[in-house]
Amino acid sequence: CSRLHNKPTFSQTIVLQGLYQNPQINNTGIGTVSDVEMQEHYDNFFEEVFVELEEKYGSIEEMNVCDNLGDHLVGNVYIKFHKEEDAEKAVNDLNNRWFNGQPIMSELSTVTDFREACCR
Amino acid sequence: RPEKKPKKAYKYWDVPPVGYEHVTPLQYKAMQAAGQIPLMATS
């Protein structure tokens, strides 16, 4: 995969690049973050993102967080809205918002079915 | 103490990087692209 993915003009799905920061990555000490703490951190993150996006931009069909520890796709959050116009509104607005001390990097994504998502 | 709010206070949304509260996220990204700020500034 060249990772030079096509950027669609319209889509129900948006991607927020690197939004999720795995606490195990940022922690230099091994074993300093327990599995329970990790789960709690993830749950809080997921709830906060989901609630705000749905409240502000529109109804969400599905949301996925890439929680891998490798560099590819790390921390990417994919959100599929029910309506294309909500996705467009979200991308435009989110690109001018902060999240956890960083600017949000948001764009439309071609992914429509997360179980089938794979570079071709 | 204020009344109990129905919604939890956000921990992550709209938190700017320390020292860059005066710029917009779009301006910040433009500054990153221009090499004026490292890509992963610590918050």
Side-chain angles (χ1 to χ4, degrees), chain A residues 7 14-28 33 37-57 60 63 65 67 69-71 73-77 79 89-107, chain B:
Chain A
K7 289 178 189 171
I14 67 168
V15 54
L16 309 178
Q17 292 166 9
L19 196 74
Y20 179 67
Q21 295 197 354
N22 188 316
Q24 283 176 335
I25 289 180
N26 297 327
N27 242 298
T28 44
V33 185
E37 284 168 335
M38 277 287 299
Q39 188 61 46
E40 207 172 294
H41 176 268
Y42 179 84
D43 290 345
N44 289 337
F45 169 87
F46 194 101
E47 187 189 342
E48 189 166 323
V49 173
F50 193 97
V51 168
E52 171 72 1
L53 292 179
E54 188 151 67
E55 231 169 54
K56 205 149 199 168
Y57 306 112
I60 294 172
M63 174 167 140
V65 179
D67 185 21
L69 291 168
D71 62 337
L73 304 177
V74 66
N76 281 6
V77 179
I79 301 115
K89 194 168 60 179
V91 163
N92 292 336
D93 194 59
L94 288 169
N95 263 326
N96 202 22
R97 285 185 74 181
W98 301 111
F99 191 88
N100 196 24
Q102 288 293 315
I104 295 175
M105 313 280 264
S106 163
E107 60 183 49
Chain B
R1 204 186 154 121
E3 287 286 304
K4 207 175 167 186
K5 285 181 189 169
K7 206 168 72 171
K8 227 169 38 173
Y10 286 140
K11 191 174 158 193
Y12 303 114
W13 283 108
D14 305 314
V15 178
V18 176
Y20 293 94
E21 294 85 356
H22 59 290
V23 300
T24 69
L26 282 175
Q27 286 170 330
Y28 188 87
K29 280 187 271 191
M31 287 158 81
Q32 278 183 326
Q36 294 167 323
I37 313 174
L39 276 176
M40 284 304 288
T42 48
S43 54

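Side-chain atoms are counted along with the backbone in the values below, which use heavy atoms only and exclude waters and symmetry mates. Below, chains carry the letters A, B, ... as their sequence lines are ordered, and counting in each starts from 1.
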Original post:
side-chain hydrogen bond (donor to acceptor under 3.5 Å, both in side chains) with Tyr12(B): which residues, sequence neighbours excluded?
Top reply: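 Only His41(A) meet the side-chain hydrogen bond (donor to acceptor under 3.5 Å, both in side chains) criterion with Tyr12(B).
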**OP:** With a 4.5 angstrom heavy-atom cut-off, could you sort out which part of Ile104(A) is near chain B: side chain, backbone, both or neither?
**Re:**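 When you check distances to chain B, atoms from both the backbone and side chain of Ile104(A) fall under 4.5 Å.
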Subject >> Atom pair CH2/CZ of Trp13(B) and Arg97(A) - distance to nearest 0.5 Å >> reply: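 Taking CH2 in Trp13(B) and CZ in Arg97(A), the distance rounds to 5.0 Å.
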Original post:
Does the ring centre of Tyr28(B) sit less than 6.0 Å away from the ring centre of Trp98(A)?
Top reply: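 Yes; Tyr28(B) has its ring centre under 6.0 Å from that of Trp98(A).
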Original post:
Where do Leu26(B) and Asn96(A) come nearest, in terms of heavy atoms and distance?
Top reply: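 Taking every non-hydrogen atom into account, N-OD1, 3.1 Å.
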Original post:
Taking the side chain from Lys29(B) and the backbone from Asn95(A), do they hold a donor-acceptor pair closer than 3.5 Å?
Top reply: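 Yes; judged by distance alone, with no hydrogens or angles, the pair exists.
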